[in-house]
Structure formats: structure tokens, C-alpha cells
Engineer: 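Supplied in C-alpha cells, the structure appears directly below.
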Amino acid sequence: MEKGVQVYSPIVHCHAVQKYLPEKTACNHKFWLEQCLPFLWNCKEILVLPLEGWEESKGIDWELETAAVLDTPFSVVSIEIMNSVSKKD
């Protein structure tokens, strides 16, 4: 972000919002996928930071499947690579 790359993290956004929602909504996987979809439609690339449990994440699976359908490139990257990413023109 400091290098001019716009970032959206479903974990950061959704976990912060989740605590203010009714439990029925907060625990609804379909609800959260629908929240994520507009961001996927508009992003140019998806970079997945391999945090603990990412390989078992239903959300990441769905996001990457959706990216493939949308022909959006995606990569799994380390925090070191994320820190070296520069804004692409």
C-alpha cells in the first residue's frame, strides 16, 4: 500500500464488520462470498498471502475459482514479495 498498490483484504474487512452483525448473518458463508464478489469483478490481480490455514479456506478456493472464470491472474506470494511489490502502470 505504501508503494501505491490498492489492497483489499476480505479477512481484514469482514472480520472487523462481522462482530456488528446478527449471528445468523455473521456466520453465513454465502453472505460473505456475495460481499467479496464486487471486489473480484473489479480487481486486476489477486495476490494471496499464505497465512495459516489458507490451503483449507473455502473462501480462498472460491475466490481463486472465480478469478479463473473472470480470467483474473492470481499468485500466492510471501510477505517478502508483498513488501517488494511496486505500483504497476
Side-chain angles (χ1 to χ4, degrees):
M1 293 167 67
E2 291 175 331
K3 298 179 187 254
V5 177
Q6 288 73 46
V7 175
Y8 169 73
S9 169
I11 292 172
V12 173
H13 173 78
C14 297
H15 286 213
V17 172
Q18 183 180 28
K19 63 184 174 185
Y20 297 102
L21 297 172
E23 185 176 350
K24 182 178 178 182
T25 302
C27 296
N28 184 319
H29 189 67
K30 184 177 182 287
F31 171 82
W32 292 110
L33 295 180
E34 290 170 352
Q35 302 307 304
C36 189
L37 193 54
F39 293 97
L40 290 174
W41 285 333
N42 291 291
C43 70
K44 296 177 183 171
E45 181 178 14
I46 296 176
L47 302 176
V48 177
L49 187 60
L51 301 174
E52 184 178 335
W54 78 275
E55 293 176 300
E56 293 83 32
S57 170
K58 292 179 192 174
I60 291 176
D61 283 346
W62 179 84
E63 291 164 358
L64 296 182
E65 289 170 7
T66 302
V69 169
L70 296 172
D71 201 28
T72 302
F74 59 86
S75 302
V76 176
V77 297
S78 68
I79 192 68
E80 294 79 21
I81 290 173
M82 291 294 282
N83 286 334
S84 68
V85 170
S86 60
K87 185 175 182 178
K88 296 178 182 178
D89 295 316

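These numbers were taken from a predicted model, which means no experiment stands behind them.
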Engineer: Would Trp32 and Val17 satisfy side-chain contact (heavy atoms from CB on, under 4.5 Å), going step by step from the backbone distance to the final call?
Structural biologist: CA-CA 11 Å; Trp32 292 110; Val17 172; 4.2 Å; yes
Engineer: Under the criterion side-chain contact (heavy atoms from CB on, under 4.5 Å), I'd like the reasoning laid out for Val76 against Trp54: C-alpha separation, chi angles, the key distance, then a yes or no.
Structural biologist: CA-CA 10 Å; Val76 176; Trp54 78 275; 3.6 Å; yes
Engineer: Between atom CG of Leu33 and atom SG of Cys14, what is the distance when rounded to the nearest 0.5 Å?
Structural biologist: 9.5 Å
Engineer: Look only at the side chain of Asn42 and the backbone of Pro38, and say whether a donor-acceptor pair between them is shorter than 3.5 Å.
Structural biologist: yes
Engineer: Of all heavy-atom pairs between Ala26 and Gln18, which one has the smallest distance, and what is that distance?
Structural biologist: O-NE2, 2.7 Å
Engineer: If we check side-chain contact (heavy atoms from CB on, under 4.5 Å) with Ile46, which of these qualifies: Leu64, Leu70, Thr66, Ile60?
Structural biologist: Leu64
Engineer: Indicate if Val12 and Val77 have the same hydrophobic cluster label, given that clusters are the connected sets of ILVMFWY residues with side-chain heavy-atom separations under 4.5 angstrom.
Structural biologist: no
Engineer: Restricting to non-hydrogen atoms, name the atom on His29 and the atom on Gly59 that form the minimum distance, rounded to 0.1 Å.
Structural biologist: CE1-N, 3.9 Å
Engineer: Looking at CD of Glu34 and CG of Asn28, how far apart are the two atoms once the value is rounded to the nearest 0.5 Å?
Structural biologist: 7.5 Å
Engineer: Which atom names give the shortest non-hydrogen contact between Cys36 and Glu63, and what distance separates them?
Structural biologist: SG-OE2, 3.4 Å
Engineer: Look at the aromatic rings of Phe39 and Tyr8 and report parallel, tilted or perpendicular, splitting at 30° and 60°.
Structural biologist: parallel
Engineer: What are the two closest non-hydrogen atoms of Leu37 and Trp62, and how far apart are they?
Structural biologist: CD1-CH2, 3.8 Å
Engineer: Would you check, one step at a time, whether the test side-chain contact (heavy atoms from CB on, under 4.5 Å) holds for Cys43 with Thr72?
Structural biologist: CA-CA 8 Å; Cys43 70; Thr72 302; 3.9 Å; yes
